[in-house]
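In what follows, a structure is listed as structure tokens, so that the remarks can point back to it.
Every chain is numbered from 1 and lettered A, B, ... according to where its sequence line falls, protein lines coming before strand lines.
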There are 2 protein chains.
Amino acid sequence: MTSSPTRTRTYGQYCGFARALEIVGERWALLVVRDLVLGPKRFTELQRGLPKMPQSILSARLNELEQSGVVRRRVLPSLDAGVTYELTEYGSELDQIVLLLGLWGARSLTRPHPEEVFTLDTAILSLYTTFQEEAADGVQVNFEVRYPGMTVHALVDGGALKVAEGSHPDADLIIEPVGPYLVDLLTGQLSAGEAVASGKVLIQGEAEHLELFSRLFRIPPAPEPSTGTVIS
Amino acid sequence: MTSSPTRTRTYGQYCGFARALEIVGERWALLVVRDLVLGPKRFTELQRGLPKMPQSILSARLNELEQSGVVRRRVLPSLDAGVTYELTEYGSELDQIVLLLGLWGARSLTRPHPEEVFTLDTAILSLYTTFQEEAADGVQVNFEVRYPGMTVHALVDGGALKVAEGSHPDADLIIEPVGPYLVDLLTGQLSAGEAVASGKVLIQGEAEHLELFSRLFRIPPAPEPSTGTVIS
DNA sequence: CCGGATCCTCGGTGATACTG
DNA sequence: CAGTATCACCGAGGATCCGG
């Protein structure tokens with residue numbers, strides 16, 4: 001019913017990778033998936049997370065992703081006449097790819113462009129993508145991160161990470177970046193000590209917990225030009 | 001240079017994942033990366049691997065990827081006045097993502113569309129993407145796979161895989177799919193025994209080696225609709 | 001308010017042709 | 001061999017309108 005079924009935007013290759021791009025390679029499609037990785041959402045929630053995305057495109061992408069078996073539309077039985085969109089099992093197998101690609105792209109993050117928005121989902125996902133599992137072995141610590149319009153908390157417990165919206169009543173450390181400098185801490189351009197000393201990051205709690213934070217969440221340094229590797 | 005200061009085609013999000021899509025999310029871009037994952041290539045080699053891609057787009061993508069630090073252009077010093085394109089170290093860190101996404105998309109592969117091409121790079125990459133490393137522990141075997149217009153060989157040695165073009169003089173098994181049915185063997189819709197019995201796969205060598213092949217190279221079954229997982 | 005559908009403009013895509 | 005130039009077209013992008 002989405003009007004013309006259209007003979008699609010294909011690549012003309014019998015190839016799993018090409019097929020993947022035909023399914024989720026359209027503009028905006030993977031950003032919709034990204035937001036759904038964090039859980040089911042309503043149409044307007046998706047809009048809020050993708051403010052620069054035209055609604056008509058969001059509608060079109062959701063239909064395409066539903067047809068491809070990546071997204072499932074669920075009509076809420078209650079009275080509020082709502083519809084939620086969630087990843088199918090097939091779609092949620094993109095989780096790891098989303099995290100990997102997010103970390104890869106984070107290396108190219110410098111300063112936010114004035115018009116760029118920083119959404120709640122980005123804040124949450126940035127912690128998942130940069131989490132260093134091997135550095136969290138035997139660690140048990142809770143962080144609360146306060147951004148200008150929103151707060152998230154991260155629970156690290158024995159190699160596992162759980163991030164959610166909102167404050168945490170029993171956080172070991174409250175981190176409040178002043179300006180877009182938390183990324184510098186993650187890349188290592190800014191040490192934990194310098195971050196506090198310069199006032200670029202305000203903290204409540206023991207300062208050494210920020211050292212721990214900067215070991216648990218890392219953006220690897222941007223590689224220098226060198227010879228490319230083939231496959232292994 | 002050629003590039004006008006058009007800053008468009010962004011997503012307006014300060015987010016590593018959005019940045020990644022701005023770099024390699026344009027149409028055709030990741031397919032160029034895919035072919036370069038297997039090693040440096042000349043312009044015309046890339047054209048051969050992407051026959052349905054307009055040359056003007058290939059040229060544009062190569063320029064963009066070079067500017068982003070994903071691809072390096074190398075002018076050959078010799079007389080043949082050639083130029084090769086190769087992934088930088090940054091670009092080659094997409095290797096794993098390309099393999100994962102290729103495997104993900106392979107689940108949606110059914111029959112090749114009549115107009116779809118099957119390229120050498122796809123043949124090679126399909127073995128890398130479907131390789132089950134944990135099933136190859138202590139295994140030492142060589143395969144040769146003959147497709148209608150091309151032949152590749154796969155060397156499995158103790159958990160490591162090396163695939164290359166051409167025949168292999170000492171292959172333990174020569175596999176010759178008759179029609180597009182090798183994918184059925186990989187997904188498990190077709191067992192090794194049935195493949196030989198039905199004549200859909202011709203072999204030279206011991207039949208049990210085809211059993212081994214079908215354990216070493218797998219496309220996981222397509223998931224059924226069920227509840228989506230959040231992140232872990 | 002929520003979940004779209006519809007109309008219109010603009011620019012990237014894609015086919016072809018041309019150049020160093 | 002490795003691009004650039006030209007042009008038609010269709011999907012993205014923005015606004016508005018519709019049914020519950």
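Remark: P of C:dA5 and CG of A:Leu58 are 11 Å apart, rounded to the nearest angstrom. Remark: P of C:dG11 and CD of B:Glu64 are 16 Å apart, rounded to the nearest angstrom. In this structure, A:Glu26 places its CD atom 11 Å from P of D:dG13, rounding to the nearest Å. Taking atom CG of A:Leu31 as the reference point, atom P of D:dG13 lies 11 Å away to the nearest angstrom. As a whole-Å value, the separation of B:Phe43 CZ from C:dT19 P is 18 Å. To the nearest angstrom, P of D:dA2 lies 18 Å from CD1 of B:Ile57. Rounded to a whole Å, the CZ atom of B:Arg9 is 15 Å from the P atom of C:dC10. The interatomic distance linking A:Arg73 (CZ) with C:dC2 (P) rounds to 17 Å, in whole Å.
Taking only side-chain nitrogens and oxygens, A:Ser59 comes nearer than 4.0 Å to OP1 or OP2 of C:dA5. Within the 4.0 Å cut-off from OP1 or OP2 of D:dG11, not a single side-chain nitrogen or oxygen of A:Arg27 is found. Taking side-chain N and O atoms only, A:Trp28 has no distance below 4.0 Å to OP1 or OP2 of D:dG11. Contact check, B:Arg42 against D:dC1: no side-chain N or O comes under 4.0 Å of OP1 or OP2.
A:Tyr147 places none of its side-chain heavy atoms less than 4.5 Å from the side chain of A:Leu120.
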Checking B:Arg74 against B:Glu86 for the salt bridge (charged side-chain N to carboxylate O under 4.0 Å, His left out) test, could you report, in this order, the C-alpha distance in whole Å, the side-chain angles of both residues, the deciding distance, and whether it holds?
CA-CA 8 Å; B:Arg74 176 169 294 179; B:Glu86 61 186 21; 3.1 Å; yes
Would you please test B:Trp104 and A:Tyr90 for ring-ring contact (aromatic ring centres under 6.0 Å, His included) and show each step?
CA-CA 8 Å; B:Trp104 184 84; A:Tyr90 186 46; 4.4 Å; yes
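Residues passing the side chain to side chain contact (heavy atoms under 4.5 Å, CB included) test with A:Gln204, sequence neighbours excluded: A:Arg146, A:Ile174. Not counting sequence neighbours, the partners of B:Phe217 by the ring pair (Phe, Tyr, Trp, His ring centres under 6.0 Å) test are B:Phe131, B:Phe213.
When ring centroids are compared, B:Tyr11 and A:Trp28 come within the 6.0 Å threshold.
Atoms CG and CG, on A:Asn142 and A:Leu173 in that order, are 10.5 Å from each other to the nearest 0.5 Å.
In the set D:dT4, D:dA2, C:dA5, D:dA2 carries the atom at the smallest distance from any side-chain atom of B:Thr44.
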Could you encode protein contacts along nucleotides 14-20 of chain D as a string, one character per nucleotide from 5' to 3', using B for base contact, S for sugar-phosphate-only contact and - for no contact, with a heavy-atom cut-off of under 4.0 Å?
B------
